[in-house]
> 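One structure follows; several queries about it will come next.
Naming convention: chains lettered A, B, ... in sequence-line order (proteins, then strands); numbering from 1 in each chain.
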Amino acid sequence: MNNLKNLRGTVDLLPDQLIKWQNVEKIIFEQLSRASIKEIRTPILEMTELFIRGIGEGTDVVSKEMYTFLDRGERSCTLRPEGTASVVRALIQNGISSNPFQKLWYMGPMFRYERPQAGRQRQFHQLGVEFIGYESVRSDVEIISIAWDILRKLGINELNLEINTLGDPNDRLNFKKTFVDWLEINKNSLDLDSQNRINKNPLRVLDSKNAQTKKVLENAPRLFDFMSEKSLERFSTLKQQLEMLEIPYIENFNLVRGLDYYTHTAFEITSGSLGSQATVCGGGRYDNLIKQMGGPETPAIGFAIGLERLILLAGNEHAITKKTDIFIINKGLHAEVLAIKLSRKLRNYNLLIELDLTGGSFSKQFKKANKIKPRSIIVVGDDEAVRNEFVIRLFDNDTSENKEEIISFDDDIKIKKWLRSNFF
RNA sequence: GCGGGCGUCGCCAAGUGGUUAAGGCAGCGGCUUGUGGCGCCGCUAUUCGGGGGUUCGAAUCCCCUCGCUCGCCCCA
């Protein structure tokens, strides 16, 4: 056994699997471009500082899941654990004030150092969408509907949309004080993790999965009760609009989300068929992040979809391979050159051509063709090639009768005619 | 970081202390140098994730270690 292996939590995506990925991506790209959302690409490697400041020091992602190392210049670098911080950095750096309204998407690998399990890897892929500069409720609704529609368009049903509001920073500050006091009083009834979070990141205690803690929390003060009039109104407008669009949602007041930058709307889309890692999409509004990172005050909202989980959910109808149209068998000096010329010519007809490159015997190549089962085959041998001709034969799997024709390489009219009657 | 399950060829596997480690799929070669699907024949693990130990003898027993996998935490 070779001891060179991929790193834990990383996977090789092999050609057969990538067919599904590519088909799914194609549908996603179409949806995005129809919504006038433009692509942005940022480096996967950034200064560590970016994520500490952007995501928040107390978060799980930053405190224990980052791939961080020193480069040769002793700079602390980190493989991006998520996309928003980088996008925001890029926008500020490239002059956001000259273009304050932007709808953007990105897709690519993200890295988090965790124990791998079903639906979780150390290198995984996300599609992210960010609406920059928009603060209206309908930008929330629009972006949620885009996430929802992508999933639906892929044929994924039985999804749950969970929503919550985190209010504005003021609401949260007021709540936090009261909540921390309450947590301190009830500290002994909480699980250990939650106890540790009291000082680090008290809001995260809210979505503890610990049964005991959950029960204790039933009597805790609610963030909702500390919301300003304005925040509450915003949330109810959001719900109202979702209802009018017939996008079903569930209110989940414990939905806090792991990253510090969220304000107001937070949402997740989950699926029951993903096992314990149920979230396929997570997002929310981050009205203060851009300013906090040194840009002008700019409201924004975004989400990210986990591609691996999406692929898990998407049906196998997306995994259908395109069939080879023509397989070109060739042997002999003249034949091999003519075969290459032919494959170049035929690819211009938007056909899927495979040229045999093994140089094996004719019967070998036929056996190979038979395995691939192309719609037809072309045979070029030296006998034909010296006359600048080739044999094209319909590859009928059912009957033993073959429709065969000898065509001259330069006879484009005849080639077109043959292709038209057999392919189009 | 903490639990449970599992590691025999590229894949699926038999073997649970005793001569050369079954079999199937895939792959390669041949029967058949210029013409396909079937069939037949042959080849493909000095070694059972790795290391150490017990034993006359280990894939099989013991110890350690690595990896995979599922779950906890948290997220995509």
> Say we look at B:A13 and B:G53: how far apart would their C1' atoms be, to the nearest angstrom?
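Looking at atom C1' only, B:A13 and B:G53 are 30 Å apart.
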> For atom C1', what is the distance between B:U16 and B:A22, given to the nearest Å?
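Result for the C1' pair: 15 Å, nearest Å.
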> Tell me whether the OP1 or OP2 atom of B:U32 has a side-chain N or O from A:S361 closer than 4.0 Å.
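Indeed not, no polar side-chain atom of A:S361 lies that close.
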> What's the gap between B:C38 and B:U46 when it is taken at their C1' atoms, as a whole Å value?
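37 Å, rounded to whole Å.
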> Side chain to side chain donor-acceptor pair (under 3.5 Å): which pairs involve residues 172-182 of chain A, sequence neighbours left out?
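Every pair satisfying side chain to side chain donor-acceptor pair (under 3.5 Å) with a residue in residues 172-182 of chain A: there are none.
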> How is A:G119 classified with respect to the nucleic acid when contacts are heavy atoms under 4.0 Å: base, sugar-phosphate, or nothing?
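Base: the residue A:G119, judged by heavy atoms under 4.0 Å, touches a nucleobase.
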> Which whole number of Å gives the distance between the C1' atom of B:U60 and that of B:A21?
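Comparing C1' positions in B:U60 and B:A21 gives a spacing of 12 Å.
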> Would you call the rings of A:F224 and A:F253 parallel, tilted or perpendicular, where under 30° means parallel and over 60° means perpendicular?
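Tilted: the ring planes of A:F224 and A:F253 meet at 30° to 60°.
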> For B:A59 and B:C9, measure between their P atoms and round to the nearest Å.
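So the two P atoms sit 14 Å from each other.
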> Can you list the residues that meet the side chain to side chain contact (heavy atoms under 4.5 Å, CB included) rule with A:E336, with sequence neighbours excluded?
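For A:E336, the residues satisfying side chain to side chain contact (heavy atoms under 4.5 Å, CB included) (neighbours in sequence not counted) are A:N330.
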> Per the atom types in the model, does the base of B:G34 pair as donor or acceptor with the side chain of A:E384 at under 3.5 Å?
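For A:E384, whose side chain was compared with the base of B:G34, there is a donor-acceptor pair (under 3.5 Å).
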> How many whole angstroms separate atom CG of A:N252 from atom P of B:C75?
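About 12 Å, once rounded to whole Å.
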> Is A:E114 salt-bridged to A:R112, cutoff N-O under 4.0 Å?
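No salt bridge links A:E114 with A:R112.
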> In terms of side-chain heavy atoms of A:Q117, which of B:A76, B:C72, B:C74 is nearest?
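The nucleotide sitting nearest to the side chain is B:C72.
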> Is it true that, when you exclude A:E135 itself, more than 12 heavy atoms of the residues, nucleotides or ligands shown sit nearer than 6.0 Å to its CD?
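No, the 6.0 Å shell around CD holds no more than 12 heavy atoms from other groups.
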> CD of A:E404: more than 12 outside heavy atoms within 6.0 angstrom?
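Atom CD in A:E404 is packed in, count exceeds 12.
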> Under the side-chain contact (heavy atoms from CB on, under 4.5 Å) test against A:K345, which residue among A:I340, A:D412, A:I353 passes?
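Per the side-chain contact (heavy atoms from CB on, under 4.5 Å) rule, the option paired with A:K345 is A:D412, out of A:I340, A:D412, A:I353.
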> Base, sugar-phosphate or nothing for A:A278? Non-hydrogen atoms, less than 4.0 Å.
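Base contact.
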> Can you check the A:L14 CG to B:C11 P distance for me, whole Å?
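Value for this atom pair: 11 Å.
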> Say we look at B:U8 and B:C61: how far apart would their P atoms be, to the nearest angstrom?
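Their P atoms lie roughly 15 Å apart.
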> Could you give the distance separating B:U32 and B:C40 at their C1' atoms, to the nearest angstrom?
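That atom pair is separated by 12 Å.
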> Could you tell me how far B:U33 sits from B:C68 if I compare only their P atoms? Round to whole Å.
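Approximately 49 Å lies between the P atom of B:C68 and that of B:U33.
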> Measure the OG-CD1 distance between A:S376 and A:I326 for me, rounded to the nearest 0.5 Å.
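If we round to the nearest 0.5 Å, A:S376:OG and A:I326:CD1 are 4.0 Å apart.
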> At under 4.0 Å, does any side-chain N or O of A:K331 touch on OP1 or OP2 of B:U35?
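For A:K331, the contact criterion (side-chain N or O under 4.0 Å from OP1 or OP2 of B:U35) is not met.
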> Check the distance between B:C75's C1' and A:N254's CG and give it to me in whole angstrom.
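Taking atom C1' of B:C75 as the reference, CG of A:N254 is at 16 Å.
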> How many Å lie between CZ on A:R8 and C1' on B:C66, as a whole number?
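Nearest whole value for this atom pair: 10 Å.
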> Under a 3.5 Å cut-off for both distances, is B:G18 Watson-Crick or wobble paired, and to whom?
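In the structure as shown, B:G18 has B:C56 as its Watson-Crick or wobble partner.
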> Report the distance from atom CZ of A:R387 to atom C1' of B:G34, rounded to the nearest whole Å.
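It works out to 13 Å between those atoms.
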> Return the nearest nucleotide to the side chain of A:F362; candidates are B:G34, B:C74, B:C75.
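Side chain of A:F362 sits closest to B:G34.
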> With a 3.5 Å limit on both atom pairs, tell me what B:C2 is paired to, counting Watson-Crick and G-U wobble, or say none.
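For B:C2, the partner nucleotide comes out as B:G71, under the 3.5 Å rule.
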> Could you check whether A:E82 gets within reach of a base, just the sugar-phosphate, or nothing at all, counting any heavy atom under 4.0 Å?
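No contact.
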> Could you check whether atom CZ of A:R41 has more than 12 heavy atoms from other residues, nucleotides or ligands sitting under 6.0 Å from it?
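No, the 6.0 Å shell around CZ holds no more than 12 heavy atoms from other groups.
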> Using atom NZ of A:K364 as one end and atom P of B:U33 as the other, report the distance to the nearest whole Å.
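So the two atoms are 11 Å apart, to the nearest Å.
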> On a plain distance test, is the side chain of A:R309 in donor-acceptor contact with the base of B:C75 below 3.5 Å?
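Side chain to base: pair found, below 3.5 Å.
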> Rounded to the nearest Å, what distance is computed from the CD atom of residue A:E308 to the P atom of nucleotide B:U69?
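Roughly 13 Å, once rounded to whole Å.
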> Using atom names, set out every protein N or O paired with an N or O of nucleotides 1-4 of chain B below 3.5 Å, distance rounded to 0.1 Å.
from	atom 1	to	atom 2	distance (Å)
B:C2	N4	A:R115	NH1	3.0

> Under 4.0 Å, counting only non-hydrogen atoms across every strand here, what does A:G381 touch: a base, just sugar-phosphate, or nothing?
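Contact class for A:G381: base.
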> Assign each of A:V11 and A:F124 to its nearest nucleotide of RNA chain B by heavy atoms, then name whichever residue's nucleotide is nearer the 5' end.
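It is A:V11, whose closest nucleotide lies nearer the 5' terminus.
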> Evaluate the ring pair (Phe, Tyr, Trp, His ring centres under 6.0 Å) criterion for residues A:F409 and A:F390: first the C-alpha distance (whole Å), next the side-chain angles of each, then the deciding distance (0.1 Å), finally the verdict.
CA-CA 7 Å; A:F409 176 80; A:F390 60 90; 7.2 Å; no
> Which base sits across from B:C28 as a Watson-Crick or G-U pair, both distances under 3.5 Å?
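Across all strands, the one nucleotide that pairs with B:C28 is B:G42.
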> In this structure, how many angstroms lie between the P atom of B:G29 and the NZ atom of A:K368, rounded?
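Rounding to the nearest Å, NZ of A:K368 and P of B:G29 are 11 Å apart.
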> Sort out the partner of B:C9 for me: Watson-Crick or G-U wobble, both distances under 3.5 Å, none otherwise.
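For B:C9, the partner nucleotide comes out as none, under the 3.5 Å rule.
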> Quick check on RNA chain B: between A:R393 and A:K367, whose nearest nucleotide comes earlier from the 5' end?
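Nearer the 5' end of the strand: A:K367.
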> Among the nucleotides B:G34, B:C74, B:C28, which one has an atom lying closest to any side-chain atom of A:K371?
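Among the listed nucleotides, the one closest to the side chain of A:K371 is B:C28.
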> Considering only side-chain heavy atoms of A:A118, which listed nucleotide, B:U33, B:C73, B:G71, is closest?
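The answer is B:G71, which lies nearest to the side chain.
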